[in-house]
Structures are given as C-alpha cells and as structure tokens.
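Count residues from 1 along the sequence. The structure displayed is predicted, hence computed values, not measured ones.
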Amino acid sequence: APVDPANGIGAPGGNGYYVMKEVVTGAAGVKTVEHAQYIEDTWQVTDRFLLNIGLRNDAFANYNNSGQKFTSQNHNWSPRLGFSWDVYGDASLKVYGNAGRYYLAINNNTAYDGATGYAWNRTYYTYTGIDANGMPTGLTPFGYYDVNGHTGQAPDPRTVASKNLGAEYQDEFILGATKAITPEWITGVKGTFRVLRQISDDVCDSSNLLIAKTKAMYNLTDDQITANRGACYIFNPGKTNNFDVLTTQGYLRVPMSNGDWGFAQGPKRKYYALEMFLEHPLGKDDWGGRLSYVYSRSYGNSEGLLQVSRGNDSVGVTQDWDNAYVMDRANGVLGNNRTHQVKAYGTYRISPEWMVSGVANLASGGPHNCLGFYGTDQSQPDGYGSYYHWCNGKPSVPGSMGDLPWTYRIDLNVTYRPAFADHKLAFNLSVFNVLNQQRPLVLYTRYNNTATPDKLNDLYDTVKVMESPRYVRFGVSYDF
C-alpha cells in the first residue's frame with residue numbers, strides 16, 4: 001500500500017519494509033514590535049461605590065528573519081470596566097466585578113514556522129539489512145517531499161499572511177462578593193467567564209486549495225500560478241481571509257472563507273469557573289489560613305499556544321487549524337481542564353522570629369485523549385499521521401475517554417527572621433511536593449506509529465509528563 005499518497009509517497013514494494021529520514025535545518029531571528037497606550041480613570045461615585053474605567057490600544061508588527069514586515073495589526077481597542085460596592089458602608093459585605101478585552105500578538109514561533117525560510121524534508125528508503133548498531137543498510141530511495149512546503153527558501157512576505165489578519169483576543173468577565181462573618185473570618189464567592197473571540201494560526205495548504213480558487217476566480221492555468229505549492233499561511237480561522245497570490249499577472253487578491261478551507265466551524269474556547277472560599281487572615285492572631293474550592297470547565301477546539309491533548313511542547317506551533325481533517329471532531333473538553341480543585345493553606349507565627357506555613361492542593365485530572373489515523377478506514381489525509389480525532393477507527397472527541405487520576409500535593413515552608421537584623425533579614429527553607437507524588441499529568445496520545453494502521457505506537461498511553469518530584473529550596477532575603 002502507498003506510504004503517504006497525499007504527499008506522493010508510493011508503496012515501497014518487496015516485503016513492505018522501509019525507513020524514513022527526516023531533516024530539519026534553519027535558524028531565524030524573527031521579531032515582534034508592540035506599541036500600546038492605556039488610559040484609566042478611577043471614579044468614587046459615592047462613598048460606597050467605586051468605578052474604574054480604562055481603555056487600552058495595542059498595535060503589533062511582525063518581521064521575518066530578513067527584517068521584512070509581513071503583517072501588522074493596529075488599533076486593537078480593549079475596553080476595561082471594574083467596580084467595587086461596599087454594600088453597608090462598613091466593609092462587611094463587598095460586591096465587585098470586572099469586564100475586559102485582552103489582545104495578543106502573533107507568537108514568534110508561529111511567525112518562524114510560517115514566514116521564515118527553513119528546510120524540513122522527508123526521504124523514504126527501502127533497505128536490505130541492519131548493521132550491528134541497528135542502522136539499516138543497502139538503502140534505496142523511493143520517495144521524497146518537503147513538509148508543508150518548507151524548502152529552505154523564505155516565503156514571499158507579501159503572501160505569507162492574510163491581508164486582513166486580526167490579532168488574537170478574548171473577553172473576560174468576573175463577578176464576586178466577600179462577606180465578613182466575624183471580625184476574624186471572611187467568606188466569599190467569585191465567578192469567572194472567559195470567551196475566545198479570535199485567534200491567529202497557520203493553515204497548511206497541502207491540497208493547494210488557495211491556488212485552485214485563484215485559478216477558478218481569474219480563469220488561469222496552472223502554469224500562470226508562480227506561488228509555492230503546499231505552503232502554509234497565517235490566518236484567522238473562522239472568518240474570510242484575503243490573500244495575495246503571485247501569478248504571471250502579478251499579485252491577485254483571493255478571499256478564502258472558512259468553508260473554502262473545508263472547516264466546519266471557527267475557533268471556540270470558553271472557560272467558566274466558580275470559586276468559594278473561607279479565610280482567617282493572619283492578623284493579631286498567630287495564625288491564618290484559607291480553604292477554597294473551584295469548579296471550572298474549559299471547553300472548545302482551540303486550547304491556546306500549547307496543545308496538551310496532542311502532546312505539543314513547542315509554544316505557538318501546533319497541528320490545530322493546519323487542515324480541516326485535524327479539526328474534525330476537535331470540539332470538546334480542552335487539555336488544560338481541571339474540573340475540581342481544592343486548595344488549603346495555613347500560616348503559624350511561632351514567635352516574632354519564626355514562622356511556618358504549608359499549602360495543600362488537590363485537583364482532578366485532565367482529559368484522557370487518543371489521536372489516531374482518520375476515519376473508519378484509518379487514512380492519513382494531508383499526511384498528518386496519528387494526529388486526527390479518531391482512535392482505532394472510531395471517533396475520539398476530546399474528553400470522551402474520561403479523565404486522568406486526581407493529583408494532590410503538599411508544600412511546607414519555615415522562615416526565620418532574626419531580631420538582631422530588625423526582622424529584615426530572612427532565611428527561608430521550602431520543601432515542595434513533600435509526599436513525593438509523581439502522578440501523570442500528560443500521557444502520549446498518538447495511537448498509531450507507522451503508516452500501517454495495525455502497527456500501534458508502543459508509547460501510546462504511557463506517561464509523557466508527570467508531577468515534579470520532591471525538591472528543597474533554600475533562600476535568603478533582606479527587606480530594605
């Protein structure tokens with residue numbers, strides 16, 4: 001059977017065994033320039049009601065490794081509104097809230113991946129034997145391709161990004177209240193809601209959909225298109241993006257809708273949380289403590305600059321939105337979701353010189369995911385291997401396989417502030433993860449390993465990231 005038909009790699013022949021050599025070369029000094037202005041006014045409306053109003057304006061510009069600007073996003077206005085209401089005027093009951101919009105520039109890793117000239121290629125070989133070191137011998141090449149069009153030549157800065165590219169942003173809303181039960185005890189509740197409005201990511205056009213639409217719109221032949229085939233472009237998923245395509249007639253403007261790329265929906269991410277707490281502040285008493293519980297959900301198809309569910313550890317470079325197939329059935333519980341979290345901390349002042357404290361954190365696990373080949377026939381459209389939301393020929397929506405185990409961690413601390421230094425000198429000893437718990441935080445999610453569906457990944461469901469082991473930190477500080 002063909003190894004990777006989407007990229008022109010046929011069958012190896014013979015007994016079907018082959019090896020692949022992957023080479024990535026390149027270095028770049030991409031740059032992001034940001035300018036921002038912020039204005040804020042605090043208005044004491046009454047003696048009990050405080051209003052805070054703000055407005056921020058961000059501007060971003062991105063440059064490739066040749067110092068050429070390939071995109072910019074200006075006039076990103078972010079309104080901010082906050083209030084605090086002292087209900088009875090005696091600070092016994094306070095109600096507060098905040099609403100704001102927050103923008104982010106394109107991550108430099110995303111810029112490097114989409115706008116710089118680095119080489120990424122794969123060569124496939126048959127072989128006749130294996131030497132004593134386990135290396136194949138008698139190599140005969142039978143296929144080669146440049147991954148996502150990365151030939152080593154820098155893309156045209158005019159064509160690499162959407163001409164109407166917007167900055168990534170989300171909105172956040174917070175509403176809470178605190179109540180003094182007694183002079184020593186405080187309780188409170190806080191609700192948080194965040195919603196993603198727009199992201200910037202790259203789409204990799206292995207099927208040359210942009211070129212096909214250019215030819216159809218302007219009645220051109222394939223020979224009249226001089227743009228790179230199979231290239232990646234920086235865009236805003238979920239909206240119509242306008243691209244400049246280089247042809248023998250010059251640059252032609254081509255709009256690409258979400259549907260033109262084959263996507264069924266745009267980016268989604270919603271986070272909501274409810275926190276409740278009970279606190280005894282450290283004051284005249286020799287002790288203080290706080291107990292809190294948070295219920296939260298993080299849901300959607302765009303986790304952020306890191307994609308825990310796919311096991312990515314490179315910021316801003318994920319498989320999300322590379323093509324429609326990897327986003328099929330992607331809407332579900334996100335990898336950073338922790339539904340339940342309980343935290344308790346306490347502090348005890350033994351004397352004016354000695355203080356001990358501790359923190360205990362209990363959290364439910366993140367979602368357990370499985371990524372495999374695509375569809376019931378376990379294919380690899382656009383050649384993305386074991387990165388589709390399918391597992392052993394069945395749909396695998398994020399979060400549908402349950403959660404990882406709960407984690408719990410205890411940290412302890414002791415601080416000594418000697419009287420001879422007027423308590424300004426402090427010696428601090430902290431022990432983190434006292435019980436040395438090392439439960440899994442992230443598992444390998446790739447179910448398949450090779451181009452043959454019945455060859456499973458030996459690393460699937462093994463631990464990729466676990467809790468940090470117990471460690472000790474000693475510090476010295478001085479308060480001037």
Side-chain angles (χ1 to χ4, degrees), residues 34-58 75-104 167-198 269-299 304 336-347 349 355 357 359-363 479:
E34 176 181 357
H35 298 280
Q37 304 83 40
Y38 185 76
I39 185 172
E40 180 182 19
D41 182 50
T42 300
W43 178 23
Q44 190 72 52
V45 181
T46 70
D47 59 347
R48 299 184 184 182
F49 195 87
L50 179 68
L51 190 63
N52 188 282
I53 304 172
L55 184 64
R56 180 185 174 98
N57 178 33
D58 286 291
H75 307 304
N76 298 298
W77 296 99
S78 306
R80 311 283 170 81
L81 178 65
F83 76 91
S84 178
W85 178 28
D86 184 355
V87 178
Y88 300 121
D90 59 0
S92 63
L93 175 61
K94 290 185 179 180
V95 179
Y96 61 91
N98 292 283
R101 174 163 292 180
Y102 302 89
Y103 280 90
L104 284 176
E168 178 173 339
Y169 70 97
Q170 73 173 13
D171 293 333
E172 179 183 76
F173 306 90
I174 296 175
L175 181 63
T178 60
K179 176 72 170 70
I181 305 174
T182 70
E184 293 81 22
W185 289 92
I186 301 171
T187 188
V189 61
K190 181 177 74 172
T192 302
F193 176 68
R194 301 187 186 113
V195 56
L196 180 69
R197 301 298 189 185
Q198 182 168 267
R269 183 174 70 237
K270 292 183 178 181
Y271 170 82
Y272 51 90
L274 179 66
E275 178 184 8
M276 296 169 283
F277 74 89
L278 179 65
E279 181 175 3
H280 182 288
L282 178 65
K284 295 181 180 179
D285 294 338
D286 290 329
W287 71 278
R290 179 183 171 113
L291 176 66
S292 68
Y293 167 75
V294 178
Y295 173 84
S296 64
R297 295 288 279 174
S298 183
Y299 192 90
N336 56 5
N337 180 75
R338 300 293 183 272
T339 304
H340 306 283
Q341 294 186 69
V342 179
K343 177 179 279 191
Y345 76 79
T347 302
R349 187 187 296 116
M355 180 179 290
S357 60
V359 178
N361 199 338
L362 177 68
D479 298 332

**OP:** Would you mind reporting whether V195 and R197 have side-chain heavy atoms less than 4.5 Å apart?
**Re:** yes

**OP:** Please confirm whether the backbone N or O of D285 pairs with a side-chain atom of R349, one donor and one acceptor, at under 3.5 Å?
**Re:** yes

Original post:
Rounded to the nearest 0.5 Å, what separation is found between the NZ atom of K190 and the CG atom of L274?
Top reply: 10.5 Å

Subject >> N337 side chain reached by Y299 side chain, heavy atoms, under 4.5 Å >> reply: no

Original post:
Where do F193 and L175 land on the side chain to side chain contact (heavy atoms under 4.5 Å, CB included) test, with the steps shown first?
Top reply: CA-CA 9 Å; F193 176 68; L175 181 63; over 6 Å; no

Subject >> Shortest non-hydrogen contact from A344 toward L291 >> reply: CB-CD1, 3.9 Å

Original post:
Can you say whether the rings of Y293 and H340 are parallel (under 30°), tilted (30 to 60°) or perpendicular (over 60°)?
Top reply: parallel

Original post:
What residues, two or more places apart in sequence or in another chain, satisfy side-chain contact (heavy atoms from CB on, under 4.5 Å) together with R194?
Top reply: Q170, E172, T192, Y271

Subject >> Heavy-atom pair with the smallest gap, counting every atom of T42 and N52 >> reply: OG1-ND2, 3.1 Å

Original post:
Any idea which heavy atoms bring G82 and L51 closest together, and the distance?
Top reply: O-CD1, 3.4 Å

Original post:
Got more than 12 heavy atoms from elsewhere within 6.0 Å of NZ, K270?
Top reply: no

Subject >> Student check: side-chain heavy atoms of Q198 and Y103 closer than 4.5 Å >> reply: no

Original post:
Can you name the ring-ring contact (aromatic ring centres under 6.0 Å, His included) partners of F83, sequence neighbours left out?
Top reply: F49

Subject >> Point-to-point distance, once rounded to the nearest 0.5 Å, from CD1 of I39 to CD of Q37 >> reply: 11.0 Å

Original post:
Can you find a side-chain donor-acceptor pair between S84 and D86 that sits under 3.5 Å?
Top reply: no

Subject >> Heavy-atom closest pair, residues I186 and P281 >> reply: CD1-CG, 3.8 Å

Subject >> Approximate separation, where rounding is to 0.5 Å, of Q341 CD and N361 CG >> reply: 6.0 Å

Original post:
If every non-hydrogen atom of P79 is compared with every non-hydrogen atom of W77, which pair is closest and at what distance?
Top reply: CD-O, 3.6 Å

**OP:** Start with the C-alpha gap between Y102 and R56, add the side-chain angles, then the distance that decides, and say whether side chain to side chain contact (heavy atoms under 4.5 Å, CB included) holds.
**Re:** CA-CA 9 Å; Y102 302 89; R56 180 185 174 98; over 6 Å; no

Subject >> N98 side chain near R80 side chain, heavy-atom distance below 4.5 Å >> reply: no

Original post:
Is the backbone of N57 close enough, under 3.5 Å, to the side chain of N76 for a donor and an acceptor to pair up by distance?
Top reply: no

**OP:** Classify the ring geometry between W287 and H280 as parallel (under 30°), tilted (30 to 60°) or perpendicular (over 60°).
**Re:** parallel

Original post:
Can you check whether V87 reaches R48 side chain to side chain, under 4.5 Å on heavy atoms?
Top reply: no

Original post:
Sequence neighbours excluded, which residues qualify as side chain to side chain donor-acceptor pair (under 3.5 Å) partners of S298?
Top reply: N336

Original post:
Can you tell me how far the NZ atom of K94 sits from the CG atom of L50, to the nearest 0.5 Å?
Top reply: 10.0 Å

Original post:
Within the distance-only criterion (no hydrogens, no angle test), does the side chain of T187 pair as donor or acceptor with the backbone N or O of F277 below 3.5 angstrom?
Top reply: yes

Subject >> Close side-chain approach of L196 and E168, heavy atoms under 4.5 Å >> reply: yes

Original post:
How far apart are the closest heavy atoms of Q44 and T46, and which atoms are they?
Top reply: NE2-O, 2.7 Å

